Amino acid sequence: MASIEKKVIQIIVDKLGVDEAEVTSEASFQNDLGADSLDTVELIMEFEKEFDISIPDEQAENIQTVGHAVTYLESSVEK
Amino acid sequence: MKRVVVTGIGALTAIGNNVPEYLEGLKSGKSGAQPITQFDPEQFKTQFACEVTNWDPTDRLDKRAIRRLDRYIVMALYAADEALKMAGINNEAGERIFDLDPDRAGAIVASGIGGLGTLEKEIMDFADGSGTPRYNPFMIPKMIANMGAGHISMEHNLRGPSYATVSACASGGHALAAAADDIRLGRADLMITGGSEAVVTKVGIGGFNSMKALSTRNDDYKTASRPYDAERDGFVLGEGAGIIILESLDHALARGATILAEVAGYAASSDAYHISAPHPEGAGAKMAMINALKYAELKASDVDYINTHGTSTPLGDTAELKAIQLAFGEDVYDLNISSTKSMTGHLLGAAAAVESVACILAIQHNFVPPTINHFTDDPEIDPKLDLTFNKSVEKPVNVALSNTFGFGGHNSATIFKRYNP
């Protein structure tokens, strides 16, 4: 489980160019981490690539924070 | 009509990553050709190019700001940064120091092709992918050819006209003409213009290879770009950016700017002949030069230097010289001609931009850059022409003309002259 969170944080740091310290569970991509709508689409794509899953658009729209992403991925990625 | 002057220049080329280095490269006759580093070229007929190397864009640009930009956009921003500093609009730290009216300033910056590397990578990733039908959301804004202009306007808060012009290898010339017109007609006080190009990619090399447009002199790549040599076998692909700050004379004088040169005139024409071959008699190119002289109210004998399109292709080089001879008559024997593509390679949509910078430097520093890599005279070329082979020449340059021609038969000629109040 911890490794999913770690990977998620790493992707966010890489893609958004933010400090790791800013990437808290509550942090919102758009409100706190400076992402725009295109950045969030790219993040979703990176999650899909990294974890080899497909995230449906309607689910992707609900992933607004770091915590949302970790929770969703932990429940979706095959153990 | 307003007079249009140049108050800043920026250059990023294989022979220099800034204006002082570029000047030194032009004076010393440096070849920018080297084996391709941006991909493994082993499968390709041509395995070298004039790449920009030892370049760290973050020495001028914010890492965060450039992380989602195609190389060609970063190059445009990088050269614009240098030009704005030279013009005294920004300070060395890149901060605005002149109170520029944002509604009276714009950016018309060309790219012949745009973000080809981005498009190529995305398509290859997609083909290799899991089948999820998704492209990166930044693909389109990285790829489209207007984003050099777009990002410069955003980065420097310019709310006047901003767009790109596209006419293949003449794109930069058309951009300069459009930007100069905005100033001439009083629509803007200051315009950032020029061009950038970065297509040293598999598709770029492979595509031009298929047209038999590129030199394949892999065993002697340093001397492969040899315009007007009897053994020339095609152009060498270059990359980089050239940026020119144009300003109305009134605006430049009012703020006490240093004036580097004046834009004397420009004209465009078309061959109406073939997609890639030049008109054999140079019919269109001739008219671009004649009309640029007319606009500039200059005589052929006033021109000291012609920076040619001279790409080092068998057909193009001689057709252009024919056109020059038709346009200049006997006066052609009293001026210097050179192709700086012998050093920088062919920057396609940025060619006119870096070559206009070369003309401005020639006027500023009174020298004619050489056509390097000359070994064997071409019997088709009039031996009385002074093609400035192999060594730069020190001489007063008061008027310099830059030619550029693009696939599609697009021609552009731009004349710069020494500023005299």
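Quick caveat, the model's predicted, so the values are computed rather than measured. Reckoned from all heavy atoms, side chains included, excluding hydrogens, waters and symmetry mates. Naming: A, B, ... by sequence-line order, numbering from 1 per chain.
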Please flag which part of A:Ile44 lies under 4.5 Å from any non-hydrogen atom of chain B: side chain, backbone, both or neither. side chain
Check whether more than 12 heavy atoms from other residues, nucleotides or ligands sit under 6.0 Å from atom CG of B:Asp40, and answer yes or no. yes
Quick check for you: among A:Met45, A:Glu46, A:Lys49, which has the greatest number of heavy-atom pairs under 4.5 Å with chain B? A:Met45
Which bit of A:Asp36 is near chain B, if near means a heavy-atom gap under 4.5 Å: side chain, backbone, both or neither? side chain
Ignoring hydrogens and angles, tell me if any N or O in the side chain of B:Arg68 forms a donor-acceptor pair with the backbone of A:Lys15 under 3.5 Å. yes
Can you give me the closest heavy-atom contact between A:Glu42 and B:Asn136, atom names plus distance? OE2-ND2, 2.7 Å
Name the member of A:Leu38, A:Val18, A:Val41 that forms the most heavy-atom pairs with chain B at distances under 4.5 Å. A:Leu38
side-chain contact (heavy atoms from CB on, under 4.5 Å), that's the test. Do B:Phe138 and A:Asp39 meet it? Break it down for me. CA-CA 8 Å; B:Phe138 293 97; A:Asp39 290 312; 3.0 Å; yes
